[in-house]
Amino acid sequence: QVQLVESGGGLVQAGGSLRLSCAASGRTFSAYLMGWFRQAPGKEREFVAAIRWRDGTTYYGDSVKGRFTISRDNAKNTMYLQMNSLKPEDTAVYYCAAAYGFTLAARASGYDYWGQGSQVTVSS
């Protein structure tokens, strides 16, 4: 079993920055892929970014390219999402997820474990 715990959400003005963290614990951590998804009220869950744990290859959703950066610290089993130039439309609950088998980065159903979510609110 793997536990994922997000932190770092909050309220920020448009144009500001936030950094989310996702700490993994439990069985020896060796995920194939870790990712961030978000869900706004009344909308479907949206792919944000993902990182291949072994070699650091990154993937981004079109709406966040150039503004968000995903990274990881293998020694701490922690993943980060640096969010810059935030917009009101970035407001959502952000979830981290881990996939142990091969999956497409943007496919939510391919992830095996999910965190509880962290609220990010961007005011205009």
Side-chain angles (χ1 to χ4, degrees):
Q1 190 72 10
V2 172
Q3 293 80 41
L4 303 175
V5 179
E6 300 102 335
S7 60
L11 173 65
V12 66
Q13 288 189 332
S17 298
L18 281 175
R19 189 176 81 154
L20 299 179
S21 299
C22 175
S25 62
R27 79 186 208 204
T28 301
F29 195 73
S30 57
Y32 168 72
L33 198 65
M34 286 193 72
W36 291 97
F37 290 77
R38 66 186 183 186
Q39 189 164 21
K43 295 189 177 181
E44 293 186 354
R45 190 163 293 193
E46 177 189 13
F47 170 70
V48 176
I51 187 164
R52 199 158 59 189
W53 204 254
R54 177 178 57 82
D55 62 8
T57 299
T58 58
Y59 309 86
Y60 292 94
D62 288 341
S63 62
V64 305
K65 281 180 182 176
R67 299 189 298 123
F68 292 10
T69 303
I70 190 171
S71 62
R72 80 213 190 290
D73 184 329
N74 296 55
K76 295 182 178 179
N77 286 341
T78 300
M79 174 178 66
Y80 304 97
L81 185 68
Q82 178 66 43
M83 304 183 292
N84 297 330
S85 302
L86 283 161
K87 305 174 182 179
E89 51 263 45
D90 293 317
T91 295
V93 177
Y94 283 70
Y95 298 90
C96 72
Y100 277 75
F102 173 79
T103 184
L104 296 178
R107 183 179 294 169
S109 61
Y111 289 78
D112 302 291
Y113 299 97
W114 291 83
Q116 81 286 354
S118 182
Q119 177 69 47
V120 171
T121 302
V122 184
S123 62
S124 57

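We number each residue from 1, following the sequence as shown.
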**Student:** Going by side chain to side chain contact (heavy atoms under 4.5 Å, CB included), name the residues that satisfy it together with Ala99, two or more places apart in sequence or in a different chain.
**Tutor:**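 Partners of Ala99 by the side chain to side chain contact (heavy atoms under 4.5 Å, CB included) criterion, ordered by chain and then number, come out as Leu33, Thr103, Tyr111, Asp112.
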**Student:** Excluding sequence neighbours, so at least two apart, what forms side chain to side chain contact (heavy atoms under 4.5 Å, CB included) with Ala23?
**Tutor:**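 For Ala23 the side chain to side chain contact (heavy atoms under 4.5 Å, CB included) partners, ignoring immediate neighbours, are Thr78.
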**Student:** Quick one: does Ser85's side chain have a donor or acceptor within less than 3.5 Å of a partner on Gly15's backbone?
**Tutor:**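 Not confirmed, Ser85 side chain does not pair with Gly15 backbone.
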**Student:** Can you tell whether the side chains of Arg52 and Asp55 come within less than 4.0 Å, N to carboxylate O?
**Tutor:**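 Salt bridge present between Arg52 and Asp55.
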**Student:** Measuring only between side-chain heavy atoms, which start at C-beta, is Cys96 closer than 4.5 Å to Met79?
**Tutor:**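 The answer is yes; the side chains approach within 4.5 Å.
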**Student:** Could you measure the distance from the CG atom of Leu20 to the CE atom of Met83? Nearest 0.5 Å is fine.
**Tutor:**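 Spacing of CG (Leu20) from CE (Met83) equals 3.5 Å.
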**Student:** Would you check, one step at a time, whether the test side chain to side chain contact (heavy atoms under 4.5 Å, CB included) holds for Glu6 with Ser21?
**Tutor:** CA-CA 5 Å; Glu6 300 102 335; Ser21 299; over 6 Å; no
**Student:** Calculate, to the nearest 0.5 Å, the distance between atoms SG and CZ belonging to Cys22 and Arg72 respectively.
**Tutor:**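 Here the rounded value is 14.0 Å.
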**Student:** Identify the residue among Leu86, Val48, Asn84 that makes a side chain to side chain contact (heavy atoms under 4.5 Å, CB included) with Val64.
**Tutor:**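 Passing option: Val48.
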**Student:** Would a distance-only check, ignoring hydrogens and angles, find a side-chain to backbone donor-acceptor pair under 3.5 Å from Glu44 to Gln39?
**Tutor:**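 A pair under 3.5 Å: no.
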**Student:** Ring centroid separation for Tyr95 and Phe37, is it under 6.0 angstrom?
**Tutor:**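 Centroid distance Tyr95-Phe37: not below 6.0 Å, so no.
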**Student:** Please list, chain by chain and in numerical order, all residues satisfying side-chain hydrogen bond (donor to acceptor under 3.5 Å, both in side chains) with Gln119, sequence neighbours excluded.
**Tutor:**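 Partners of Gln119 under the side-chain hydrogen bond (donor to acceptor under 3.5 Å, both in side chains) test: Thr121.
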**Student:** With a 3.5 Å cut-off and no angle check, do the side chains of Ser63 and Arg38 form a donor-acceptor pair?
**Tutor:**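 The answer is yes; a qualifying pair exists.
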**Student:** Calculate, to the nearest 0.5 Å, the distance between atoms CZ and OG1 belonging to Arg19 and Thr69 respectively.
**Tutor:**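 Rounded to the nearest 0.5 Å, the CZ-OG1 separation comes out at 11.5 Å.
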**Student:** Within the side chain of Thr91, is there an N or O that forms a donor-acceptor pair under 3.5 Å with the backbone of Val122?
**Tutor:**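 Yes; judged by distance alone, with no hydrogens or angles, the pair exists.
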**Student:** Got a second to check how far Glu46's CD is from Asp62's CG, nearest 0.5 Å?
**Tutor:**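 Going from CD on Glu46 over to CG on Asp62, the span is 9.5 Å.
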**Student:** Test the Arg45-Trp36 pair against the cation-pi criterion, namely NZ or CZ under 6.0 angstrom from the six-membered ring centroid and within 45° of the ring axis.
**Tutor:**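 So Arg45 doesn't make the cation-pi contact.
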**Student:** Please find out if less than 6.0 Å separates the ring center of Phe68 from that of Tyr60.
**Tutor:**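 Centroid separation for Phe68 and Tyr60: 6.0 Å or greater.
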